[in-house]
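Since the structure is predicted, the reported quantities are computational estimates derived from the model, not experimental observations. Numbering of residues begins at 1 and proceeds along the displayed sequence.
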Amino acid sequence: MPRTSQGKYVTEASKVFQDGDISWHSGKYDEARENYLKAVALYKATDDVEGQAFVLSRLGELELSLDNYDKAEEALRQSTELVKDFIDGQNTHGEALIKLSKVKSASGELKEALEIIRRAEEVLSSIGNRDLLGDAYEQEAFVYLSQNKDSEALQSYRRAADLFRQDGTSLKEAATLRAIARLEMKNKNYDVAHDVLERCRDLYRENGDLLGEASALSAIGCLRYIIRDIPNARKALMKSVYLYGKVSHHFAEAEALLYLARVEAFNKEQGDYERAKAHYKRSIELFDFLANEPMKRMVLEEYHNFLNRIIFS
């Protein structure tokens with residue numbers, strides 16, 4: 001695989017591979033493809049099987065990002081074929097299988113996507129790579145969701161979260177917990193969802209991820225609103241709005257303000273109609289600033305309906 005020393009690429013093949021990454025991140029996709037293919041040839045010239053497989057896996061990922069499913073599958077199958085019997089290349093083998101499953105699920109071939117991801121799980125379980133195995137279970141959950149199998153998806157997400165916890169990859173654990181909470185809310189298991197979201201929020205906070213913490217708080221606020229716990233819904237959403245504003249994520253801030261407006265508009269006894277008006281207006285202003293006309297119109301309509309309701313109540 002790409003060779004580094006103290007974080008620097010040291011072989012010609014690895015440097016060309018890095019050039020491919022730089023080109024990809026700069027949006028120069030043709031140039032990235034050319035560099036990856038050149039790196040594959042250079043690794044092949046030195047009989048570095050895992051190097052070839054690693055770069056082909058990255059090439060497959062590039063093609064997948066461009067929705068070139070046939071090209072992505074070709075590169076990923078070449079990658080898996082190179083290292084399937086190579087003992088020291090099983091990390092690369094498992095990761096390439098995860099990507100290949102994503103290609104199949106993206107192209108709607110869900111049965112094959114599931115078969116491939118289970119092969120990946122076998123490979124990664126055999127070498128004890130909990131991080132990549134967690135990624136595999138996340139992909140399995142995605143396939144199950146695509147098949148409308150929420151119960152199976154939930155089980156896969158829980159396995160993924162547990163593996164990320166064991167591995168200490170807390171941001172991945174938090175993201176997976178967020179997915180679990182969405183399914184638990186869908187199933188109206190609100191107490192379970194709330195506990196999961198609190199754990200999710202704690203993980204984001206420990207990592208200093210303000211955006212992640214704001215997202216968890218927004219979800220907590222919405223959950224509290226659903227069960228009519230207006231004071232705690234308000235508390236969570238106000239913190240969410242503050243954090244979204246701090247990181248200048250205006251779309252999410254506008255959405256959280258809309259949710260907060262709904263909380264304040266709930267009724268006269270528990271809410272605050274003047275605050276509701278202010279939150280609706282601020283949400284509208286932000287969507288206008290973002291030139292998001294559909295959301296702006298939707299919030300305007302909801303705001304006018306709210307005004308009519310309180311006028312004639």
Would you say the side-chain atoms of N207 pair up with the backbone N or O of L203, donor to acceptor, closer than 3.5 Å?
-> yes
Does atom CG of N305 have more than 12 heavy-atom neighbours, drawn from other residues, nucleotides or ligands, at distances under 6.0 Å?
-> yes
Kindly indicate whether the side chain of R159, heavy atoms from C-beta on, has any atom under 4.5 Å from the side chain of E140.
-> yes
A72 and L64 have their tightest heavy-atom pair at CB-N, 3.7 Å
Hey, are E122 and R119 close enough for a salt bridge, meaning a charged N less than 4.0 Å from a carboxylate O?
-> no
For the pair S101 (side chain) and L97 (backbone), establish whether a donor and an acceptor sit closer than 3.5 Å, ignoring hydrogens and angles.
-> no
Do H249 and L243 touch side chain to side chain, with heavy atoms closer than 4.5 Å?
-> no
According to the interplanar angle, ranging from 0 to 90°, do the rings of Y280 and Y303 count as parallel (below 30°), tilted (30 to 60°) or perpendicular (above 60°)?
-> tilted
Salt-bridge present (E61, K102; N to O < 4.0 Å) | no
Would you say T176 and R178 make side-chain contact, with heavy atoms under 4.5 Å?
-> no
Taking every heavy atom of L82 against every heavy atom of A53, the minimum-distance pair comes out as CD1-N, 3.9 Å
Proximity of F17 and F54 rings by center, below 6.0 Å | yes
Among side-chain atoms of H304 and E301, is any donor-acceptor pair under 3.5 angstrom?
-> no
Is it true that L37 and L66 fall in one hydrophobic cluster, defined by side-chain heavy atoms closer than 4.5 Å?
-> yes
Could you check Y244 against L211 for side-chain contact (heavy atoms from CB on, under 4.5 Å), going step by step and ending with a plain yes or no?
-> CA-CA 6 Å; Y244 279 134; L211 190 58; 3.5 Å; yes
For atom CE of M238, decide whether the heavy atoms of other residues, nucleotides or ligands shown that lie under 6.0 angstrom number more than 12.
-> no
Find out whether L114 and Y144 are in side-chain contact, i.e. whether some heavy atom of one side chain is under 4.5 Å from a heavy atom of the other.
-> yes
Close side-chain approach of L145 and Y157, heavy atoms under 4.5 Å = yes
Verdict with reasoning, R282 to E285, per salt bridge (charged side-chain N to carboxylate O under 4.0 Å, His left out) = CA-CA 5 Å; R282 179 57 180 156; E285 287 173 1; 3.5 Å; yes
F86 atom CZ, over 12 foreign heavy atoms within 6.0 Å = yes
Greater than 12 external heavy atoms within 6.0 Å of F142's CZ | no
Are Q166 and D162 linked by a side-chain donor-acceptor pair shorter than 3.5 Å?
-> yes
For A214, does its backbone N or O pair with a side-chain atom of S218 as donor and acceptor, under 3.5 Å?
-> no
Return yes if a side-chain donor-acceptor contact under 3.5 Å exists between R224 and H194, otherwise no.
-> yes
Could you walk me through whether E34 and K28 pass salt bridge (charged side-chain N to carboxylate O under 4.0 Å, His left out), step by step?
-> CA-CA 10 Å; E34 290 173 8; K28 300 174 182 177; over 6 Å; no
Determine, for K277 against E274, whether the closest basic-nitrogen to carboxylate-oxygen distance falls under 4.0 angstrom.
-> yes
Is L100 linked to V123 within one hydrophobic cluster, defined over Ile, Leu, Val, Met, Phe, Trp and Tyr using a side-chain heavy-atom separation of less than 4.5 Å?
-> yes
When you look at K172 and E138, which way does the side-chain contact (heavy atoms from CB on, under 4.5 Å) test go after all the steps?
-> CA-CA 10 Å; K172 283 188 175 183; E138 269 203 312; 5.8 Å; no
Only residue of Q78, K99, H93, Q52 satisfying side-chain hydrogen bond (donor to acceptor under 3.5 Å, both in side chains) with S57 is K99
Does K239 come within less than 4.0 Å of E213, counting only side-chain N to carboxylate O?
-> no
Between R33 and N68, does a side-chain contact (heavy atoms from CB on, under 4.5 Å) hold up when you go through it step by step?
-> CA-CA 12 Å; R33 186 181 295 111; N68 296 331; 3.9 Å; yes
